[in-house]
Amino acid sequence: MQTTTCPSDLNTFYSVCVVRMGRLKKKHNWKAREQDSSQSGAATSDVVVEIQDAGTLKGVDESNALVLPASKAKKEKVVKKHVPKKQPLTKKQKKQLQKVLEVKQKKAQRADILSKLANVQLPESEMKLLYTTSKLGVGDKLYQSKQRSDAAEEVTSAEEKISSLTGAKRKRKNEEEEEEENEANRDNMTDSSSEDDDDDDEDGGAPEVCIAKEEKAGSSPQKQVEVAQEKAAEKEATCLKEVPKKEDHQPAVFVPVDRLPDIQAARLKLPVLGEEQVIMEAVRENMCVVLCGETGSGKTTQVPQFLYEAGYASGDGIIGITEPRRVAAVSMSQRVAKEMNLSTRVVSYQIRYEGNVTSDTKIKFMTDGVLLKEIQKDFLLEHYKVIIIDEAHERSVYTDILIGLLSRIVPLRNKKGRPMKLLVMSATLRVEDFTENKKLFACPPPVIKVDARQFPVTVHFNKRTPLEDYVGEAFRKTCKIHRMLPPGGILVFLTGQAEVHSMCRRLRKAFPYRKTCLESGTEQKDTEEEMKRFKKVKQKKMVSLPRINLDNYSALPVDEGDEDRQAGIDDEEDGSDLDLELGDDPVDAEEKCDPSLPLYVLPLYSLLAPEQQAKVVFRPPPAGSRLCVVATNVAETSLTIPGIKYVVDCGRVKKRFYDRVTGVSSFKVTWTSQASANQRAGRAGRTEPGHCYRLYSSAVFSDFDEFSEAEITRRPVDDLVLQMKDLNIEKVVNFPFPTPPSLDALVAAEHLLVSLGALEAPPHVGRAKQMERARLSCPITPLGRAMAAFPVAPRYAKMLALGKQQGCLPYIITVVAAMTVREIFEEMDRPAASEEENAKLAQRRARLAQMRRLWAGQGAALLLGDLMIMLGAVGACEYAGCTPKFCEENGLRYKAMLEIRRLRGQLTTAVNAVDPGARLYLDAKMAPPTESQVVCLRQIVLAGLGDHLARRVQAEELLDPKWRNGYKTPLLDSPVFIHPNSALFKTLPEYVVYQEVLETSKMYMRGVSAVQEEWIPQILPQYCHFGPPLENPAPRFCPDSGRVKCHCKSTFFRVGWQLPAVERDYPEGLDRYKLFARFFLEGQVCPKLQSYTSCLLSSPSIMLKTWAKLQPRTEALLGVLVSGKADCQEALLSAWEKNNKYLLSAYCQWLPEALHEKVAENWPPI
DNA sequence: AGGGTTTTTT
């Protein structure tokens, strides 16, 4: 590998900025070499000197890689590369080579000087100040000077530029390996893309197929062009790097920001600030950049500001940043606005229900789902010049899909001459899914790493790993920490609400706290003031709590509790006997109540009421006590608790599992991932050095998965598939997912969407392989488009699309909103903290049960089941003004009710948009549905939940007593049950539909609603196999539809449940023509012919006789109908439109000649 | 006949 320093650059560079930069040049140089050394394995001898230099310089200053010329390496590389290849060197080349050699010599000398200079270098902190003071008020940036040098250089060299970023190097390495390959590839791609026009990618991986080539009618012509260009764009931009263009030579824009001094000072402490130059260069030179930095690096708040200052929000484009959570989008926008001293009109946010975006907005924070919706409206995101995907390591489904989409959009935009940048920001180093995924980025984007400003956290592993009672272990460890270690909050990670509460109870019992002063201050305080107070409190605590200094650990992680032993809180070995005894006798341990050491214990989980959560996040613990938060995963990512010094990690998580085949979900506790455990540990080092106690051994830890799986691989994807189809991505299998969902999941999704009518059913013809492929590329239907407009799960979207009948829409919207929002009822089965609380809980439980019965209604309403409870609950809550008080009193989660209210608003708007005739409005005083409305609602619900139909186990199937009161479903072998909390628990209807099956102690259906048997073949024909038309009742002509109808028995798919005969369209075929002919002759199809029925030469009924063929007139009539494809009124009318004499002569054969003329005069008889 | 949910997002 070649050196990355290029002397000519340096010369240019120095001439431009040495004057102002002073010592910075050293750093610059150093950094270049330092990065070289990272690849030392491949280093050639001519850089050895520099590597050594780097070695000696390393650690002198880590802070500044700012001054890197970006284009240096390439030139050299070119020389080196081409010299051995092209054998006779041209004079020019020789000259160049000579120059390079000279330059190297100079460089070596310079390196020497620099290493000497390094000895007198300023410490990092001062360095940073120097850098910034040099910058202050100058209105100029380092990378601008650098850019000028680039520009100058590009005059002589048309080579593409390479920065000295770690990732850029990887990229370069890659290029070298693939350079020849690339040339070949270019041809290959051209070839394959021409094949592509008719063939559907055998390789399955061709990225260019992922977005449908043609647009459906009705989309903008502009978009069509762009999509058509896509392939070309990709070809040119397989490497997401920008070929230098004229524009690049223009001086960069610098947008001044007027920050307040204290903010400016605070910024300087953030590690990202030192990387501004590197980041901005990378962004300038690459379409896509990955930025890696743990929490605390400041990337979320600073990078948008860098981009702003560099002019990425000047003119007509803005900067967009996505966050996986709403709170983050809102708070980050506010913080950045404050830091930049700009109004929220300029730095704004947009989340699902609200936003403060204006026409002045330059920086827009939003949730990832919001951006995905925007892509639906404007595929190329013309509004944005940069998109930043934050927290990409969390791998939320929308983040993943956005990255996939943007990997195509960015080159397209570039091709169009309106370039856009993509910045993927990730905390962990797990970026291979992005960088090594050839389908996503043919050429890996550069990765920039940023240090985090975190205090060291010492990790202590247990020697042994309790497999059963990890809660008990957590309890004992927490007690020990509290008893023996210096002040500092404790954060305990457990897996669920129940565990959290029981732990809280045990801890409170062990270290009782008198809550006199606890609940006094309820008023909201300014956070900063709180923090100040908090610090004072901490100082006070120092006096009252025991003190052992554990902070001077040398290395981390500490293994196997060695340090624990020193500290005297080791679990194992000698001291462990006592602990184990305690462990074996929990009563004893817990009775050892110690009121002299008050512990302020608080629970924390997502579903906890926000004001309870606020206690943890905003309010400091009372004076003289230690804070102990017992939390679930919320504390890992969503909430940050101040003042935590100790983390106790049980090493487990509760996760939802979906069975891909049956759709059954369950919750299971499993080991976490290493990344997740490290994230938990990191929570101890936010405010000072901390300690993390892992209740498992390092061996167990090393067996953890390195990372948690991407969400998209763990859940059904029907909603995502519908969204993507709506974006005209027909072959979702070929979409460049960072991690693709399983094929099973995709097949299941398409299947469901076909059943719902959102996608066209795949053809049943062709070879198995073709059919298989067709099943994964069903085109979207108009219904599907309408459904995609509703921001809810496809099953529910179907209900909304259908809900127009009988004024049901407001109810359907409400039911859908309630089904979409999770946990609308408060959980009251948790272990109570005290007898008093226990009694209170029991009372509230009883009250909720009573209300549920009330809301479920009686008679007809009751049959809507659990959905009626939801409807009633929401209706009652809204009627009462949706107050916290009403919710509290009636066991409703206030937050859930607010969400439902907002979702109803959004859905109402969406329905009105799809069908302006609907003219819906949100009615707070919605009257209960009438009986007939309830029936209508049940049918609409059935239409959406058709694949979730269950039938009571029949007497003859009742072989096993376990099946009593059970229900059978098409996909499950074992029975499912109605949950005792369900409105229909006692009703046990023959047929029900359910929202989902959740496996706990049994398979329980949730969200159950009763179904009338005869509705099933009518509303769910797609799930039924119909028998032959019945003789009795006989087929008839239906004047309303103009079609031939008949009764058929049917069975439900897979399970073969016999369903009652219902009337439906007569099946297609000759018999339908015969019947139609008969009804035609009888004058039913055209009433004007009724007067001739008595004159017919044969009875119309002979149309159906088996010997019908013997009669020429039957055959004639039938033949004409068949040839005109006229087997219903509508088809007949259109046949007459084409030919107004159609059927005349065949009909006349049935009439005496005397009438022919008269008939002909009045033909067609309409 | 009888009860156990983590966490986000459009």
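Chain identifiers are assigned alphabetically (A, B, ...) following the order of the sequence lines, protein sequences preceding nucleic acid strands; residue numbering begins at 1 within each chain.
A donor-acceptor contact shorter than 3.5 Å is absent between the side chain of A:T632 and the backbone of A:G496. Distance alone, capped at 3.5 Å, is enough to place a donor-acceptor pair between the A:Q954 side chain and the A:R952 backbone.
Contact check, A:K1002 against B:dG2: a side-chain N or O comes under 4.0 Å of OP1 or OP2. The phosphate of B:dT10 has OP1 or OP2 within less than 4.0 Å of a side-chain N or O from A:R326. OP1 or OP2 of B:dT7 lies within a sub-4.0 Å distance of a side-chain N or O belonging to A:S606. Here A:T1000 does not reach the OP1 or OP2 of B:dG3: none of its side-chain N or O atoms lies under 4.0 Å away. In this model, the phosphate group of B:dG4 is approached by a side-chain N or O of A:S1001 to a distance below 4.0 Å at OP1 or OP2. Neither OP1 nor OP2 of B:dT8 sits under 4.0 Å from any side-chain N or O of A:R715. Distances shown here put every side-chain N or O of A:H979 at or beyond 4.0 Å from the OP1 or OP2 atom of B:dA1.
Atom CD in A:Q613 sits roughly 12 Å away from atom C1' in B:dT7 (whole-Å rounding). Here the P atom of nucleotide B:dG3 and the CD atom of A:E826 are 22 Å apart, to the nearest Å. The distance between atom CE of A:M1003 and atom P of B:dG2, rounded to the nearest whole Å, is 16 Å. Rounded to an integer number of Å, the gap from A:R652 CZ to B:dT7 C1' is 20 Å. The NZ atom of A:K962 sits 17 Å away from the P atom of B:dA1 (whole-angstrom rounding). Rounded to an integer number of Å, the gap from CG of A:L722 to P of B:dT9 is 21 Å. Counting to the nearest Å, the P atom of B:dT9 and the CD1 atom of A:I389 are 16 Å from each other. Atom P of nucleotide B:dT8 and atom CG of A:N633 are separated by 9 Å, given to the nearest angstrom.
Checked against the 6.0 Å centroid threshold, A:Y696 and A:Y470 do not count as a close aromatic pair. Taking the six-membered ring for Trp and the full ring otherwise, A:Y605 and A:H501 have centroids separated by under 6.0 Å.
Proximity note for A:R352 (side chain, C-beta onward) versus B:dT7, B:dG3, B:dT10: the nearest is B:dT10. When distances are taken from the side chain of A:K986 to each of B:dA1, B:dT7, B:dT10, the shortest belongs to B:dA1. Out of B:dA1, B:dT10, B:dG3, the shortest distance to the side chain of A:N965 is found at B:dA1. The listed nucleotides are B:dA1, B:dT8, B:dT10; the one nearest the side chain of A:Y398 is B:dT10. When distances run from any side-chain atom of A:D368 to the nucleotides B:dT9, B:dA1, B:dT10, the shortest one goes to B:dT9.
For the residue pair A:E827/A:Q497, the side-chain donor-acceptor check at 3.5 Å is not satisfied. Neither side chain, A:Q334 nor A:Y349, offers a donor N or O lying under 3.5 Å from an acceptor on the other. Defined by atom type and a distance below 3.5 Å, a donor-acceptor pair is missing between the side-chain atoms of A:S673 and A:D705.
Along DNA chain B, the nucleotide nearest A:K654 and the nucleotide nearest A:P791 are compared for position; the residue whose nucleotide lies closer to the 5' end is A:K654. Nearer to the 5' terminus of DNA chain B, by closest-nucleotide assignment, is the contact made by A:Y658 (compared with the other of A:Y658 and A:D719).
Nucleic acid contact class of A:Y1004 (heavy atoms, under 4.0 Å, all strands): sugar-phosphate only. Counting non-hydrogen atoms under 4.0 angstrom, A:V634 reaches the backbone sugars and phosphates but no base. Nucleic acid contact for A:E711: base, since at least one base atom lies under 4.0 Å from a heavy atom of the residue. Residue A:T367 is in sugar-phosphate contact alone, with no base atom involved, counting any heavy-atom pair closer than 4.0 Å across all strands shown. Contact annotation for A:T637: no contact, since no heavy-atom pair falls under 4.0 Å across all strands.
With centroids closer than 5.5 Å and planes inclined by less than 30 degrees as the test, A:F985 and the base of B:dA1 pass as a stacked pair.
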